[in-house]
There are 2 protein chains.
Amino acid sequence: MRKLKTERQPEILDAALAIADEHGIDALTMRAVAERIGVTPMAIYGYFRNKNELLDGLVGRLLTSLPQGLPGESWDQRLSAFAWATRRLAREHPGVFPLLFARPSVTPDAVAVVDLIYQALIDAGVPDAEVPRIERLITTFVLGFATSEANGRFSASGDGIRSRRARGDFPAHQRLMAHLDSPADLDAEFAADLADLVRIIRPV
Amino acid sequence: MRKLKTERQPEILDAALAIADEHGIDALTMRAVAERIGVTPMAIYGYFRNKNELLDGLVGRLLTSLPQGLPGESWDQRLSAFAWATRRLAREHPGVFPLLFARPSVTPDAVAVVDLIYQALIDAGVPDAEVPRIERLITTFVLGFATSEANGRFSASGDGIRSRRARGDFPAHQRLMAHLDSPADLDAEFAADLADLVRIIRPV
DNA sequence: ACCTGAACACCGTTCAAGT
DNA sequence: ACCTGAACACCGTTCAAGT
């Protein structure tokens with residue numbers, strides 16, 4: 001368990017994030033990161049024990065870039081700010097964002113975000129015993145929505161379907177045909193979803 | 001665009017799924033699959049154009065194993081059956097399951113599942129124009145919950161936090177300390193979440 | 001204290017050949 | 001029609017050495 005250097009960690013994470021943003025997550029290799037900061041691949045191992053820890057560092061970087069939550073705002077303003085900021089993050093870093101789902105994130109950064117949501121729910125009047133569950137419910141949805149968008153799960157309907165739909169194999173699709181022109185306005189949809197979720201919280 | 005053989009595709013997918021289940025997704029290599037069915041790595045390429053298409057096949061396999069929805073059941077029974085079956089799938093195949101989030105799945109298998117949920121929502125009285133949004137809301141949550149569980153996002157709290165919590169850096173955590181002993185009963189939590197989501201649907 | 005160079009055990013995938 | 005063998009261009013990571 002060697003002690004890690006920290007000096008150039010931010011520089012390395014910057015490089016890694018830039019590579020993933022520009023060329024996709026598959027292009028994020030130790031060798032590519034090294035080349036980008038003008039160093040031999042092995043130099044990276046002085047700062048991160050292995051590639052997995054570098055990815056953990058990337059997750060931490062994403063989390064710290066979320067808003068800290070100004071104390072003056074109301075609970076639903078704070079919740080909403082978190083949700084929209086998370087979604088914006090996914091759009092800015094679609095390659096890296098899905099890692100948030102994969103990595104437990106028990107880092108201080110992650111706990112800080114959770115603490116913010118806990119506080120918002122407490123302020124909303126959610127009973128203490130219910131707060132952790134509702135927090136998981138909300139972050140699961142928000143993370144899931146943002147990840148779906150980043151991965152193209154909501155678009156991509158395309159052609160093959162349309163014909164099959166017409167063939168009548170899927171009766172509900174046929175009936176809803178007028179409303180299936182791909183989720184045109186995801187901003188509006190996300191807003192409506194959040195409103196629905198807040199309705200869960202309110203009278204809990 | 002060579003024509004692919006189909007005969008041994010199921011056999012190959014079986015092998016791939018078994019490897020991922022037994023040794024994790026990282027152990028799922030073309031070479032390992034080939035060895036498992038007693039063939040050279042290159043033989044696989046007669047059945048799947050590349051590794052990505054093999055993974056798509058795996059996603060299809062997971063989707064077809066979901067229940068088809070008996071017509072005799074009520075809409076909330078059908079919705080509930082889908083949700084619990086999805087979660088069970090994630091527990092049986094934690095390594096492969098997260099692929100469902102990554103791959104758009106516009107395959108017939110995926111559309112069939114969506115059609116089932118559409119129908120349940122229609123039967124629940126959700127207005128046609130709202131059905132696709134509510135479907136995405138629900139599947140996003142269910143997929144997100146199951147993926148979180150498969151990836152250990154809900155457990156894994158552990159030690160580092162506990163001390164930090166005690167240090168008082170996170171006030172909401174401190175207040176809720178009695179309720180943070182890791183999400184003990186995820187079955188009950190999932191049930192409560194589903195009940196909350198159904199309350200969204202009911203009076204839409 | 002920080003970085004390099006060479007090497008190892010793997011990958012996915014190509015191409016040409018074998019039966 | 002189906003599969004094999006050898007090879008290529010990559011990976012992450014080790015170990016020992018260089019300044």
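Just so it is clear, the model here is predicted, and its values are computed rather than measured. Chain A is the first sequence line, chain B the second, and so forth, proteins listed ahead of strands; every chain is numbered from 1.
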Contact class for A/Tyr47 (heavy atom, under 4.0 Å): base, sugar-phosphate, or nothing? sugar-phosphate

Please tell me if A/Arg8 has a side-chain N or O lying less than 4.0 Å from either OP1 or OP2 of C/dC2. no

How close do A/Leu89 and A/Ser65 get, counting heavy atoms only, and between which atoms? CD1-OG, 3.2 Å

From the candidates D/dT13, D/dC2, C/dT13, the one with an atom nearest any side-chain atom of B/Lys5 is D/dC2

Which dot-bracket notation, 5' to 3', represents the base pairing of DNA chain C when pairs are defined as Watson-Crick or G-U with both distances under 3.5 Å, crossing pairs as [ ], and inter-strand pairs as |? ||.|||||...|||||.||

Side-chain contact check for B/Thr29: nearest option of C/dT14, C/dG12, D/dC15 is C/dG12

Would you compute the distance between atom CD of B/Glu135 and atom CG of B/Leu116 and round it to the nearest 0.5 angstrom? 10.5 Å

Spacing between A/Glu7 atom CD and C/dC2 atom C1', to the nearest angstrom: 11 Å

Rounded distance (Å) that lies between atom C1' of C/dT4 and atom CE of A/Met30: 15 Å

Nucleotide C/dT13, atom C1' - distance to CG of A/Asp26 in whole Å: 15 Å

How long is the line joining CG of A/Leu4 and P of C/dC2, in whole Å? 12 Å

Interatomic distance where CD belongs to A/Glu35 and P belongs to D/dG12 [whole Å]: 13 Å

Counting the atoms with a prime plus P, OP1 and OP2 as sugar-phosphate, which does A/Met42 contact under 4.0 Å by heavy atoms, base, sugar-phosphate, or nothing? base

Thinking salt bridges, do A/Arg133 and B/Asp196 make one under a 4.0 Å N-O criterion? yes

Could you tell me whether A/Glu35 atom CD has more than 12 heavy atoms of other residues or ligands within 6.0 Å of it? no

As a quick check of understanding, evaluate salt bridge (charged side-chain N to carboxylate O under 4.0 Å, His left out) for B/Asp187 and B/Arg87, giving each step before the final call. CA-CA 10 Å; B/Asp187 279 356; B/Arg87 184 157 168 265; 2.9 Å; yes

Under the salt bridge (charged side-chain N to carboxylate O under 4.0 Å, His left out) criterion, do B/Arg78 and B/Asp123 qualify, and how do the steps go? CA-CA 10 Å; B/Arg78 275 172 286 152; B/Asp123 295 346; 2.8 Å; yes

Regarding the side chain of A/Arg31, the nearest nucleotide among C/dG12, C/dA7, D/dC2 is C/dA7

